[in-house]
*Asks:* 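Pasting a structure here, questions to come.
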Amino acid sequence: MARGELFLAALCVVVASALAANADARKMVGVYELRKGDFSVKVTNWGATIMSVILPDSKGNLADVVLGRDTVAQYVNDTSFFGPVAGRVAQRIAQGRFVLDGKVYHLNINDGRNTLQGGGRGFHKVIWTVREYVCAGDSPYITLYYRSFDGEQGFPGNLDVHVTYRVSSPYTLGVHMNATALDKATPVNLLQHTYWNLGGHGSGDVLGHALRLAASRYTPLDGEMLPSSGRVAPVAGTPFDFRAPTPIGARIRQVMGGRVVGYDANYVVDGEPGRMRPVAAVRDGASGRALELWGNQPCVQLYTANWLNHTEGKGGEVYDRWAGFCLETQGYPDAVNHPEFPSQILRHGQVYRHDMVFKLSF
Ligand SMILES: *[C@@H]1O[C@H](CO)[C@@H](O)[C@H](O)[C@H]1NC(C)=O
Ligand SMILES: *[C@@H]1O[C@H](CO)[C@@H](O)[C@H](O)[C@H]1NC(C)=O
Ligand SMILES: *[C@@H]1O[C@H](CO)[C@@H](O)[C@H](O)[C@H]1NC(C)=O
């Protein structure tokens, strides 16, 4: 072990024992690094947010391949959704309203007349408790916990939520999210909203990255980004077809994500939901870096950072539209208002489980 690593390992033990001894320390907002050799992931318990992912390229040059901000304070008022977990129900809910067991629920409205990403103060804007933190060794990880209360942003029932980020060899980042309905039935649909740019977070746009999606179908969205038709349509013959590796930019100007140009689309992942299966593969020819995503959710949202517009980023960088891509595994959007989609209702005592594995390489 190099001297730097020894120092880090010692620091890690100090942090971990401070956490174990002190309940308040677990709730203090902090930055937690998971390190394995030259692979490093930084996380904050503000919004269960991934702040950075650093790895080499084929020439050995290290780069941070996720977009974000330098300090946790800058995430507090951030509206770009750099890296957090979204919930209790991610994506949009039409008119912030749904009916469950005969009762009408009204949610916080924060996107036109609809609810987006669980409301203005969703899981991305709360402090999570650090349950466990192991910063180095064979498989460094952090487990974050949040108790969402009955009525929070309008959702019914108390809900226990855990998110674990785990780093393992070679250059693998695992995300495990679970939720337990403690007293009432409630919809649950979490997602992880990291923006990736395999060339490095300030390296320009991702239009040249080649993307393959294991998805032959998608849910067309309307101008409000809602699946109002309830249709599931084939991607064949549309600019949404990424079944063969295709540059993200090849047809991007033909698609609208609401009012802006670019992908903001929900795909139905091929294969059996509930099982880990390949979702996507992305490759940046220039740096030689690649990312493979596996997941167990029914769907995945492809978002190409269409709303970034000279947005302030880390290290003095400025991000413009298409500066990154998000691959957010999830349930069907607005499923609470679409009985034709698989249900997202978690009954009292039931457990929701969501797994993602990002396999990076170069
Ligand atoms: C966030 O915005 C509020 C309201 O505008 C402001 O009072 C606060 O200082 C801001 N916080 C940060 C960390 O910028
Ligand atoms: C949820 O995840 C946490 C952390 O990984 C784990 O400790 C807990 O047992 C899980 N809960 C359930 C109900 O599976
Ligand atoms: C980007 O910002 C500029 C300057 O504020 C503004 O004029 C333009 O309309 C914005 N573009 C989008 C797509 O929001």
Side-chain angles (χ1 to χ4, degrees), residues 16 19-20 26 28-32 34 43-49 51 68-82 84-85 87-88 110-112 120-121 123-134 139-148 157-168 173-183 186 188 190 192 205 223 225 252-253 255-264 274 276 296 303-314 318-324 346-357:
L19 284 172
R26 290 164 176 270
M28 252 163 50
V29 175
V31 179
Y32 299 87
L34 310 173
V43 170
T44 171
N45 53 327
W46 174 261
T49 302
M51 295 178 74
R69 307 301 304 270
D70 290 311
T71 68
V72 177
Q74 292 169 325
Y75 283 83
V76 173
N77 287 346
D78 179 82
T79 55
S80 300
F81 240 84
F82 291 128
V85 167
R88 183 178 303 196
N110 63 332
D111 187 60
R121 205 162 184 281
F123 294 175
H124 62 299
K125 293 288 187 200
V126 298
I127 298 173
W128 295 61
T129 302
V130 180
R131 263 285 158 89
E132 289 183 69
Y133 174 49
V134 174
S139 182
Y141 71 95
I142 185 166
T143 295
L144 304 170
Y145 165 75
Y146 183 63
R147 163 70 61 84
S148 176
N158 291 293
L159 186 77
D160 263 355
V161 191
H162 288 92
V163 175
T164 298
Y165 295 115
R166 184 182 294 275
V167 159
S168 58
L173 170 62
V175 182
H176 172 70
M177 302 184 257
N178 67 34
T180 307
L182 298 178
D183 38 35
T186 178
V188 175
L190 309 181
Q192 217 298 328
D205 67 55
M225 300 302 297
I252 198 168
R253 287 181 174 79
V255 292
M256 294 291 288
R259 288 178 288 124
V260 282
V261 178
Y263 292 95
D264 194 356
M276 288 306 273
N296 69 349
Y303 175 57
T304 49
N306 312 321
W307 285 101
L308 296 182
N309 184 10
H310 233 65
T311 307
E312 223 181 293
K314 286 182 273 196
V318 167
Y319 306 141
D320 278 307
R321 67 173 182 172
W322 311 335
L346 199 64
R347 297 277 159 190
H348 173 203
Q350 283 185 332
V351 181
Y352 161 96
R353 290 190 179 85
H354 183 158
D355 284 289
M356 313 173 80
V357 176

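Numbers for residues simply follow the sequence, beginning at 1. Counting starts at 1 for both ligands and their atoms, following the listed order.
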*Asks:* Give the atoms of ligand 2, by number and element, whose distance to some non-hydrogen atom of His176 is under 4.0 Å.
*Replies:*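 In order of number, 2 (O), 5 (O).
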
*Asks:* For ligand 2, which atoms have a heavy atom of Thr164 less than 4.0 angstrom away?
*Replies:*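 Near Thr164, the atoms of ligand 2 are 4 (C), 5 (O).
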
*Asks:* Need the ligand 2 atom indices (1-based, order shown) with element for anything under 4.0 Å from a heavy-atom of Asn178.
*Replies:*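 With Asn178 as reference, the close atoms of ligand 2 come out as 1 (C), 2 (O), 3 (C), 8 (C), 10 (C), 11 (N), 12 (C), 14 (O).
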
*Asks:* Write down the atom of Trp46, the atom of Lys125, and the distance for their closest heavy-atom approach.
*Replies:*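 Heavy atoms of Trp46 and Lys125 come nearest at CH2-O, 3.5 Å.
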
*Asks:* Between Arg131 and ligand 2, which residue portion shows a heavy-atom distance shorter than 4.0 Å: side chain, backbone, both, or neither?
*Replies:*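 No part of Arg131 comes within reach of ligand 2.
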
*Asks:* For Thr143, take its heavy atoms, then give the atoms of ligand 2 lying under 4.0 Å from any of them.
*Replies:*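 Here the atoms of ligand 2 in question are 4 (C).
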
*Asks:* Salt bridge (charged side-chain N to carboxylate O under 4.0 Å, His left out) with Asp160: which of Arg147, Arg88, Arg131?
*Replies:*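 The salt bridge (charged side-chain N to carboxylate O under 4.0 Å, His left out) with Asp160 is passed solely by Arg147 among Arg147, Arg88, Arg131.
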
*Asks:* Any non-hydrogen side-chain atom of Leu308 less than 4.5 Å from a side-chain atom of Phe82?
*Replies:*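 In short, these two side chains touch, coming nearer than 4.5 Å.
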
*Asks:* Please tell me if atom 11 (N) of ligand 2 is touched by the protein, where touching means a protein heavy-atom distance below 4.0 Å.
*Replies:*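 Given the 4.0 Å limit, the answer for atom 11 (N) of ligand 2 is yes, a protein heavy atom qualifies.
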
*Asks:* Suppose I only count heavy atoms of His162 and a 4.0 Å limit; which atoms of ligand 2 are within that range?
*Replies:*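 Here the atoms of ligand 2 in question are 1 (C), 2 (O), 3 (C).
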
*Asks:* Side chains of Lys314 and Tyr319, heavy atoms from C-beta outward: is any pair under 4.5 Å?
*Replies:*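 Side chain of Lys314 against side chain of Tyr319, heavy atoms only: contact under 4.5 Å found.
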
*Asks:* Is Asn309 reaching over with its side chain to a backbone N or O of Asp320, donor-acceptor style, under 3.5 angstrom?
*Replies:*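 No; zero donor-acceptor contacts below 3.5 Å.
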
*Asks:* Go through ligand 2 atom by atom and flag the ones less than 4.0 Å from a non-hydrogen atom of Val351.
*Replies:*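 Those atoms are 13 (C).
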
*Asks:* Any protein heavy atom under 4.0 Å from atom 5 (O) of ligand 1?
*Replies:*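 Under 4.0 Å from atom 5 (O) of ligand 1, zero protein heavy atoms found.
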
*Asks:* Which atoms from ligand 2 have a heavy atom of Arg353 less than 4.0 Å away?
*Replies:*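 By the 4.0 Å cutoff, the relevant atoms are 14 (O).
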
*Asks:* Has Tyr352 got a side-chain atom pairing as donor or acceptor with Leu190's backbone, closer than 3.5 angstrom?
*Replies:*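 At least one qualifying donor-acceptor pair exists.
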
*Asks:* Determine, considering heavy atoms only, which of Asp78, Val76, Asn77 sits nearest to atom 3 (C) of ligand 1.
*Replies:*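 Comparing heavy atoms across Asp78, Val76, Asn77, the nearest one to atom 3 (C) of ligand 1 lies in Asn77.
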
*Asks:* Short question: side chain of Asn158, backbone of Asp183 - any donor-acceptor pair under 3.5 Å?
*Replies:*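 No.
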
*Asks:* Check each atom of ligand 1 against the heavy atoms of Ala73 and keep those under 4.0 Å away; list them by number with element.
*Replies:*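 Under 4.0 Å from Ala73, ligand 1 has these atoms: 13 (C).
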
*Asks:* Mind checking whether Tyr165 and Gln192 have side chains closer than 4.5 Å, heavy atoms only?
*Replies:*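 A side-chain contact exists here, since the closest heavy-atom pair is under 4.5 Å.
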
*Asks:* Quiz question for you: does at least one protein heavy atom lie closer than 4.0 Å to atom 14 (O) of ligand 3?
*Replies:*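 Flag for atom 14 (O) of ligand 3 set to true, protein heavy atom closer than 4.0 Å.
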
*Asks:* N/O to N/O below 3.5 Å, does that happen between Asn309 and ligand 3?
*Replies:*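 Min N/O separation from ligand 3 is below 3.5 Å for Asn309.
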
*Asks:* Quick one, Met256 and Val261 - any side-chain contact, counting heavy atoms below 4.5 Å?
*Replies:*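 They are in side-chain contact.
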
